[in-house]
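All values below were derived from every heavy atom in this structure, side-chain atoms included, with hydrogens, water molecules and symmetry-related copies excluded. Numbers here simply count residues along the sequence, with the first being 1.
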Amino acid sequence: MVPEPPPLPALTRAEGELVDAYLAVVDLLGKINPSRTTHTYGALRAAQALVGRAEALREALALMHARGESEVHVDTLARALRVLDGERRAGRVTLPRT
């Protein structure tokens, strides 16, 4: 039986959108990574989608700024990223170990 992951920390809606958009960008960059991809078509599709996800990331940050959320709560957002498997997902952006 797989243990239940810890609950997400309390986030504002904008912080949640920031985390979601960031992870979407990371996932797409992992698909584009030339050291990990095997087909150009999949990488091309990911690159095309990256534009929209980068805009969503920008909008989440702009919303936070407009609401007066001027500080990024690093520890809280890092916990959220860990719960959402962010370390593994971000690992696909780096070069594989040889």
Side-chain angles (χ1 to χ4, degrees):
M1 191 163 126
V2 177
E4 188 172 318
L8 277 171
L11 303 173
T12 66
R13 188 163 84 178
E15 286 174 328
E17 289 173 9
L18 170 64
V19 168
D20 289 343
Y22 172 77
L23 287 174
V25 166
V26 166
D27 289 340
L28 291 170
L29 287 173
K31 291 178 182 180
I32 297 166
N33 185 344
S35 68
R36 295 187 182 270
T37 193
T38 56
H39 295 89
T40 57
Y41 185 72
L44 171 62
R45 297 284 299 179
Q48 291 169 332
L50 183 60
V51 175
R53 296 314 303 167
E55 288 175 352
L57 180 57
R58 182 195 65 214
E59 292 302 317
L61 287 163
L63 179 60
M64 288 176 68
H65 181 72
R67 289 183 176 174
E69 297 178 47
S70 59
E71 294 183 28
V72 175
H73 301 283
V74 176
D75 293 336
T76 303
L77 294 177
R79 276 197 330 269
L81 289 169
R82 283 188 190 92
V83 169
L84 296 170
D85 203 19
E87 288 176 309
R88 180 194 59 80
R89 294 161 76 176
R92 295 196 36 83
V93 177
T94 63
L95 291 173
R97 294 191 179 264
T98 54

Open item on the list: Do Val25 and Val72 land in one hydrophobic cluster if side-chain heavy atoms of ILVMFWY residues count as linked below 4.5 Å?
Closed with: yes
Task: Same apolar cluster: Leu44 and Leu28, side chain cutoff 4.5 Å - done: no
Open item on the list: Measuring only between side-chain heavy atoms, which start at C-beta, is Asp85 closer than 4.5 Å to Leu23?
Closed with: no
- [ ] Verify the neighbour count for atom CD of Glu71: are there more than 12 heavy atoms of other residues, nucleotides or ligands below 6.0 Å?
- [x] no
TODO: Answer yes or no: is there a donor N or O on one side and an acceptor on the other, between the side chain of Arg36 and the main chain of Arg92, under 3.5 Å?
DONE: yes
Open item on the list: I need the Met64 CE to Leu18 CG distance, nearest 0.5 Å.
Closed with: 5.5 Å
Task: Contact check, side chains of Leu63 and Arg67, non-hydrogen atoms, under 4.5 Å - done: yes
Open item on the list: Closer than 3.5 angstrom, by distance alone: can the side chain of Arg89 be matched with the main-chain N or O of Leu84 as a donor-acceptor pair?
Closed with: yes
TODO: Would you indicate whether the side-chain heavy atoms of Ile32 and Thr37 approach each other to under 4.5 Å?
DONE: no
Task: Spatial distance of atom CD (Glu15) from atom CG (Leu8) [nearest 0.5 Å] - done: 11.5 Å
Task: Beyond-backbone contact of Tyr22 with Leu77, side-chain heavy atoms, under 4.5 angstrom - done: no
Task: Closest contact, heavy atoms only, Arg53 versus Ala21 - done: NH2-CA, 3.7 Å
Task: Minimum heavy-atom distance Val83-Pro6, with the two atoms named - done: CG1-O, 3.4 Å
- [ ] Examine distances only and state if a side-chain atom of Asn33 and a backbone atom of Leu95 form a donor-acceptor pair shorter than 3.5 Å.
- [x] no
